[in-house]
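Structure first, then comments.
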Amino acid sequence: MSETAAQVGVAAEAVAARFEELYGAAPEGVWAAPGRVNLIGEHTDYNDGFVMPFALPHATVAAVSRRTDGVLRLHSGDVGGAPVELSLDDLAPESDRNWTAYPAGVVWALREAGHAVTGADVHLTSTVPTGAGLSSSAALEVVIALALNDLYDLNLKGWQLARLCQRAENVYVGAPTGIMDQTASACCQEGHALFLDTRDLSQKQIPFDLAAEGMRLLVVDTQVKHSHSEGEYGKRRAGCEKGAALLGVDALRDIAYDDLEAALARLGDEEEVRRLVRHVVTEDQRVEKTVALLESGETRAIGPVLSEGHASLRDDFRISCPELDLVVDTALSSGALGARMTGGGFGGSAIVLVEAEDEAAVTKAVEEAFAAADFTAPRVFTAVPSAGARRVR
Ligand code: GLA
């Protein structure tokens with residue numbers, strides 16, 4: 001058993017014990033769903049494009065039992081207080097601004113899709129940092145979806161659970177996100193990155209064991225909180241959809257890289273749309289390039305591709321921030337192979353690819369740069385591709 005699996009095992013015992021204290025009986029089971037980092041393929045998922053996330057060891061762990069009386073009781077060890085009690089018949093989109101909207105939204109989406117879910121008791125806790133661009137929301141949604149899938153014998157596959165969770169987030173919570181995070185949490189495998197085509201959700205697991213090749217991938221959480229429901233993400237999405245409409249395609253994924261210059265010319269003086277289109281089309285190409293390099297064993301060569309991705313998000317998509325740029329610039333000037341922001345942007349985390357022997361020096365350089373700039377100290381950890389959602393007890 002890996003260290004991570006052992007840690008989740010320990011958490012599962014504690015979560016089950018707390019469930020029993022709260023609800024007076026042992027849970028029917030315990031499930032875990034991880035957060036993710038995205039290696040490459042940013043803001044491509046709602047353009048039907050390619051992404052390449054992998055699961056983190058950080059996970060949401062939930063103890064769950066069924067109920068038959070139309071009641072949903074939700075308790076988070078991280079929030080405390082008494083369990084929140086909801087009636088399934090009262091669940092309604094955008095009616096809840098608290099953490100409970102995510103699990104309640106999943107129950108709502110399952111029932112909307114015709115699945116006979118009659119209630120549940122839930123106690124959970126999470127080690128996925130919130131607001132850090134590491135998909136704590138998706139982990140919370142997917143753990144509930146998987147638990148109910150198992151308990152109610154729904155026989156839904158990982159990608160189907162991901163779709164339902166995305167619907168919960170888009171309609172119930174009201175955040176216009178794509179499908180990447182939920183699919184990553186539901187479908188990733190230990191030791192692999194997930195090459196996902198977001199148009200049809202076809203998947204390929206790409207072996208990604210940096211430690212074996214003498215490298216590390218650092219995650220640097222800038223501690224700048226982002227929020228997707230707050231306008232900017234939606235504006236980018238709307239701009240991309242406008243670009244697709246102006247170019248007469250279903251989604252920007254349909255613009256081939258070789259046709260990019262012609263497409264940009266056709267957009268005339270729509271300068272903002274041109275920038276968004278250029279990012280999405282080049283980013284899809286960077287994902288394909290990354291997959292090709294990894295499959296041919298040229299892992300170190302993905303570094304510059306990651307860094308190009310950051311420049312595109314900063315200059316064309318315009319969703320970086322001074323803290324993210326400082327991580328990337330400092331990491332690259334202190335010897336990193338590549339670096340980029342990861343996730344939705346406007347804060348959150350960056351990833352840094354380094355030779356193992358440079359890990360300490362690059363980390364120190366980033367920490368010192370943050371101190372010199374008077375920014376809040378970043379949280380830095382090494383990301384190891386971990387297991388996707390699963391039953392743990
Ligand atoms: C957030 C969204 C995803 C995706 C990324 C950007 O994480 O939840 O769907 O759009 O931003 O790549």
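In each ligand, atom 1 is the first atom listed, and ligand 1 is the first ligand listed. If you read the sequence from its start, that first residue is 1, and numbering goes on from there.
Among Asp181, Ile179, Thr183, the residue whose heavy atom sits closest to atom 8 (O) of ligand 1 is Asp181. The closest non-hydrogen atom to atom 10 (O) of ligand 1, taken over Tyr46, Tyr233, Phe317, comes from Tyr233.
Close approach of ligand 1 to Met180 (heavy-atom distance below 4.0 Å) involves ligand atoms 4 (C), 5 (C), 12 (O). Which parts of ligand 1 touch Gly178 is read off a 4.0 Å heavy-atom cut-off, strictly below it: atoms 9 (O).
By the 4.5 Å heavy-atom criterion applied to side chains, Tyr46 and Arg236 are counted as neighbours.
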Enumerate, atom names and distances included, each donor-acceptor pair closer than 3.5 Å involving a side-chain atom of residues 262-273, sequence neighbours excluded.
from   : atom 1 : to     : atom 2 : distance (Å)
Arg266 : NH2    : Leu247 : O      : 3.4
Glu270 : OE1    : Lys242 : NZ     : 3.3
Glu271 : OE1    : Arg274 : NE     : 3.3

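With hydrogens and angles ignored, the 3.5 Å screen pairs no side-chain donor or acceptor of Ser334 with any backbone N or O of Ala365. Distance alone, capped at 3.5 Å, is enough to place a donor-acceptor pair between the Asp200 side chain and the Ser202 backbone. Counting only distance, with no hydrogens or angles, the side chain of Thr44 and the backbone of Phe50 share a donor-acceptor pair below 3.5 Å.
At a 3.5 angstrom cut-off on N or O pairs, Glu42 counts as close to ligand 1. Residue Thr44 has no nitrogen or oxygen atom sitting less than 3.5 Å from a nitrogen or oxygen atom of ligand 1, judged on distance alone. Considering backbone and side-chain atoms alike, Arg36 places an N or O below 3.5 Å from some N or O of ligand 1. For ligand 1, the polar-atom distance check finds no N/O of Gly343 at less than 3.5 Å from any of the ligand's N/O atoms. Checking only distances, Asp45 does come within under 3.5 Å of ligand 1, N or O to N or O.
Side-chain contact, Arg286 with Ser312: a donor N or O sits under 3.5 Å from an acceptor N or O.
Applying the side-chain contact (heavy atoms from CB on, under 4.5 Å) test to Ala350 and every residue at least two apart in sequence or in another chain returns Leu324, Val327.
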